Each structure stands twice: as C-alpha cells, then as structure tokens.
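What you are looking at is a predicted structure, and each value in this text was computed from that prediction instead of being measured.
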Amino acid sequence: MAEGSRGAVMVTLHDREDAVELAEQLQEQGYEPCRVHRDMLAGEDDAEDADWVIEVLTGPHGGPAVFDEPHLGALAEDYGGFAVAE
C-alpha cells in the first residue's frame, strides 16, 4: 500500500455518472479529495467490465476516511456498488 493512500476508502460503482454524482455529494459533505477513475478489478479481462472508483482519503472530521467506511459503504450500496478500506 502506498504511504499516501493509508486510511483511504475505495468506493466502487459500475456507472461513471453515478460515480461522479456520488463524488460530488461526498465533497459537499467534506470528504476529500474524491478522485474518480476507472479501474479493472482482479480477474476481469474486458475493458467494458471496468468499474469506476472514487478514492476518498480524508473524512469531514479531518481524519482518515477509513473511519467512515460503514457510511461510505452504505452510500455505495445505494448505487449498487461497494466500499473497501485500503
């Protein structure tokens, strides 16, 4: 794990528009930096199957986003996705 990503939460969604929408919501709630990028999960061999990932490093409390993993996971589930702490 890279030193800069310690405590990060990766929110994975299937749809780009959903990922962008959720990233904007998270930023409004005080999460940062909420970077959205495309990522292929292990075992996938088709670029069409790649999911969209929101990388969240810091929570609104100023600490690592990992402390908010249950909340981020619930939001991800609303969009048919999931969240994993790094």
Side-chain angles (χ1 to χ4, degrees):
M1 168 182 358
E3 187 66 32
S5 66
R6 191 169 308 254
V9 175
M10 306 306 249
V11 179
T12 303
L13 304 176
H14 302 296
D15 185 71
R16 180 183 185 275
E17 289 80 23
D18 288 345
V20 170
E21 180 180 313
L22 182 54
E24 290 171 356
Q25 289 177 26
L26 292 172
Q27 286 179 318
E28 289 172 3
Q29 293 177 20
Y31 291 92
E32 50 186 35
C34 301
R35 297 183 198 120
V36 177
H37 56 89
R38 200 153 194 201
D39 194 21
M40 290 182 73
L41 299 176
E44 292 180 345
D45 58 358
D46 185 357
E48 293 294 318
D49 291 334
D51 288 318
W52 293 91
V53 175
I54 306 165
E55 182 180 356
V56 185
L57 299 177
T58 305
H61 44 72
V66 69
F67 295 132
D68 296 344
E69 182 183 11
H71 173 67
L72 295 169
L75 292 172
E77 286 178 14
D78 289 344
Y79 288 90
F82 60 92
V84 177
E86 288 290 307

Looking only at heavy atoms, what is the nearest atom pair of [X] and [Y], with distance?
| X | Y | answer |
| --- | --- | --- |
| Leu26 | Cys34 | CB-SG, 3.7 Å |
| Val66 | Ala85 | CG2-CB, 3.5 Å |
| Val11 | Val56 | CG2-CG2, 4.4 Å |
| Trp52 | Arg38 | CZ2-CD, 3.5 Å |

Check your understanding: Under 4.5 Å between any side-chain heavy atoms of Leu57 and Arg35, yes or no?
Key -> yes

Point to revise | Distance (rounded to the nearest 0.5 Å) between Met10 CE and Glu69 CD | key: 12.0 Å

Check your understanding: From Gln27 CD over to Ile54 CD1, what is the distance, rounded to the nearest 0.5 angstrom?
Key -> 9.5 Å

Practice item. With sequence neighbours left out, write down each residue that passes side-chain hydrogen bond (donor to acceptor under 3.5 Å, both in side chains) with Asp68, or none if nothing qualifies. Key: Tyr31, His61

Show me the side-chain donor-acceptor pairs of residues 70-83 shorter than 3.5 Å, one per line, residues at least two apart or across chains.
unit_1: His71; atom_1: NE2; unit_2: Gln29; atom_2: OE1; d: 3.3
unit_1: Tyr79; atom_1: OH; unit_2: Glu21; atom_2: OE2; d: 2.7
unit_1: Tyr79; atom_1: OH; unit_2: Gln25; atom_2: NE2; d: 2.9

